[in-house]
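Read the structure below first, then the notes.
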Amino acid sequence: MRVCGAPARLLAGCVVLAACASDPPPPAAWIPPVAAALGDLTAADPLGHAEAPSQPAGGAGAVAVDGSGPAPGADSATAAAVAQGGAGQSGGDQSGGDQRGGASGERSLGLDEVLASVTSRYPPYLSALLERDLAAGRLQSAQGGFDPNLSAKVGGKVQGYYDDATTFQGLLEQPLTTGDTIYGGYRVSEGVLPDYDKNRTQEGGELLLGARLPLLRDRSIDRRRAGLRQAELDLAIAEPVIERARIDFVRAAGRAYYQWVAAGLRVVVAEDLLTLAKRRSADLQRAVQSQLLAPIDVVDNNRLLAQRAVFVARAERQLQQAALELSLFLRGPDDAPIVPESKRLPPGFALPQIRDLDAAQELALASQWRPELRRLDLQRQRAETDLALADNQAWPNVDLIVEATRALGDDPYRDLDRNGLFVGGELKFPVRRREALGRAEQARAQLSRLQLEQRWAYERIANELADARSALGQARAQLQEAERSVALAGEVVAAEERALLLGRSNLLQVQLREAQLADARLLAVDAQLEYCRAHVDYRAALGRDALPQTNEGRTEPGRR
């Protein structure tokens, strides 16, 4: 004889709950850890990556950011309910948190490990570091303009009255960083040369020492010195370029890491739901065999099993995608990508803390840390060098030439003095000066453009900071509400289970409440993910990760 109505629901509820009552309560990892300190954020590092909070501020039910349990000071009863996914939760997954996060003996993967891999082995960042070598090579090339030059010249008359005369000259010329040029050498002639030939020397030859001193054009700056100055600026510009790359890559790695953690937590939620349905299956089958429930209840539970298995498969696929994305940043000693295994997932988000700063403080820090501003300033100095060179090239050449000689020997020319001194000048005037005037016009246009870019950079940085701060504030509020939603959903599940035990509800209602709790848990995961992403974006907006060494102890490796 079939038992129906309220007594049937009462007996069925007793069977199901009695089967689950022997299991210990689910671990704290049942619910992804929610922010426990979102009020008084006064960490020593205003932009710390993952520091434990000192005071719970998320209201009742806050749990520690490391997923270890309720935060100190939280209401114990409510915190326990949140940690267990709702008081009296039936059939909870007893190992959801222990399967990941190092409980198996393997150390969980932390963000610092990922960022250390980025700044030491990430190929695009290593490629950016080569900008230093490129700039250093350009600087060495520019310095070569001041290398001494050794020249030799030999020749003679092959036809004419003095066809038996030959001359040889060897000179060592040294350009100076003052724009002057000094030179010295030796020359000798053989045979008979006319007295007007400046190359004729005594039989022993002649030593010479001279200097060319520009008095107008090339006095303050010339092509050599301008090229050297620009190469030095290029080497300095390489640092902001590398810092900008570091900011972008650290930001991308941080977002990929947090996406991986969130994907792992979503798998936990999906597996917990599937485990509930699996544990109910045998109990429901016995209840049907005892004619306490209708067979349709088993069919419905089987439908739920299939549906939740699909959810698990989707969540695992998302976890695989996130792991593959993270592997681009996580690399081994051989520089090959490492796809992190699920067992290296941490038990939850280590929510970072920040110190509240006003807009003026943020802008001051960004002005100090953001590399774009320094890059634009260095580019401005480079354009000013171009302009100075162009203005100088428009002037005529007025050079002073001083040359001293000493003859070796007394034959064959009697009219040559042993010691000679020549002082003279040379004038060259560019008639149309179009090259210099065109270069000056380009340099002035470049300076005007850089001035506009600097103004735009300040405005963009201020806008990015405001947007990042707004995102952090909204994410903080979402965390608190998501925490409250999880706690309330857990209470509703517990109440529905008590109603089932009293015959006032049914398994369908319990399943709906479980789904609502799962939705709340997923919403909490999404809220934590958004907060961590907002924190990563905030650091990027401030330019905090442009520094080679941060408060987390990460240092930039040497050039490879």
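What you see below is based on every heavy atom in this structure, not just the backbone, and it leaves out hydrogens, waters and symmetry mates. Quantities reported herein were computed from a predicted structural model and do not represent experimental measurements. Numbering of residues begins at 1 and proceeds along the displayed sequence.
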*Would you indicate whether the side-chain heavy atoms of Leu523 and Gln478 approach each other to under 4.5 Å?*
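No; the side chains remain at least 4.5 Å from each other.
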*Report yes if the side chains of Arg266 and Leu522 come closer than 4.5 Å at any heavy-atom pair, otherwise no.*
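Yes. Closest side-chain heavy atoms under 4.5 Å.
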Nearest-0.5 Å distance that lies between atom [atom1] in [X] and atom [atom2] in [Y]:
X	Y	atom1	atom2	result
Ser120	Asp335	OG	CG	8.0 Å
Leu363	Gln368	CG	CD	12.0 Å
Arg449	Arg380	CZ	CZ	15.5 Å
Asp537	Leu465	CG	CG	11.5 Å
Ile338	Phe329	CD1	CZ	14.5 Å
Leu488	Glu483	CG	CD	10.5 Å

Between [X] and [Y] (salt bridge meaning N to carboxylate O under 4.0 Å), is one present in this structure?
X	Y	result
Glu453	Arg460	no
Asp248	Arg251	no
Arg374	Glu243	yes
Glu271	Arg308	no

Specify the closest pair of heavy atoms between [X] and [Y], including all atoms of both residues, with the distance to one decimal.
X	Y	answer
Leu273	Ala518	CD1-CB, 3.3 Å
Leu378	Pro240	CD1-CG, 4.3 Å
Ala541	Ala468	CB-CB, 4.2 Å
Tyr125	Thr119	CE2-O, 3.6 Å
Phe349	Val525	CE1-O, 4.0 Å
Val312	Ala270	CG2-O, 3.4 Å

*Given the rule in the side-chain contact (heavy atoms from CB on, under 4.5 Å) test, do Gln511 and Arg280 qualify, once you have shown the distances and angles that lead to the verdict?*
CA-CA 11 Å; Gln511 293 171 0; Arg280 262 195 210 108; 4.3 Å; yes
So, [X] side chain and [Y] main chain: donor-acceptor pair closer than 3.5 Å or not?
X	Y	value
Asn301	Ala277	yes
Ser470	Ala466	no
Tyr257	Leu109	yes
Ser117	Arg331	yes
Tyr531	Pro352	yes
Ser327	Leu324	yes
Asn463	Glu459	no
Arg121	Val118	no

*Considering the options Arg513, Gln516, Arg498, which one meets the side chain to side chain contact (heavy atoms under 4.5 Å, CB included) requirement together with Val493?*
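Considering Arg513, Gln516, Arg498, a side chain to side chain contact (heavy atoms under 4.5 Å, CB included) with Val493 is found only for Arg513.
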_Could you check whether atom CD of Gln509 has more than 12 heavy atoms from other residues, nucleotides or ligands sitting under 6.0 Å from it?_
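Yes - once you tally the heavy atoms of other residues, nucleotides and ligands closer than 6.0 Å, there are more than 12.
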*asked:* For Arg303, I'd like to know if atom CZ has over 12 heavy atoms of other residues, nucleotides or ligands within 6.0 Å.
replied: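 Result for CZ/Arg303: enclosed.
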*Any chance you could lay out the salt bridge (Lys or Arg N to Asp or Glu O under 4.0 Å) test for Glu464 and Arg370, step after step, and finish with the verdict?*
CA-CA 12 Å; Glu464 290 177 0; Arg370 286 288 287 263; 3.0 Å; yes
*Does the ring of Tyr258 carry Arg533 above it, NZ/CZ under 6.0 angstrom from centre and within 45° of its axis?*
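Not satisfied by the 6.0 Å and 45° rule.
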_Checking Asp545 against Trp369 for the side-chain contact (heavy atoms from CB on, under 4.5 Å) test, could you report, in this order, the C-alpha distance in whole Å, the side-chain angles of both residues, the deciding distance, and whether it holds?_
CA-CA 8 Å; Asp545 294 305; Trp369 289 340; over 6 Å; no
*Could you walk me through whether Leu479 and Leu351 pass the side-chain contact (heavy atoms from CB on, under 4.5 Å) check?*
CA-CA 11 Å; Leu479 276 173; Leu351 296 177; 4.2 Å; yes
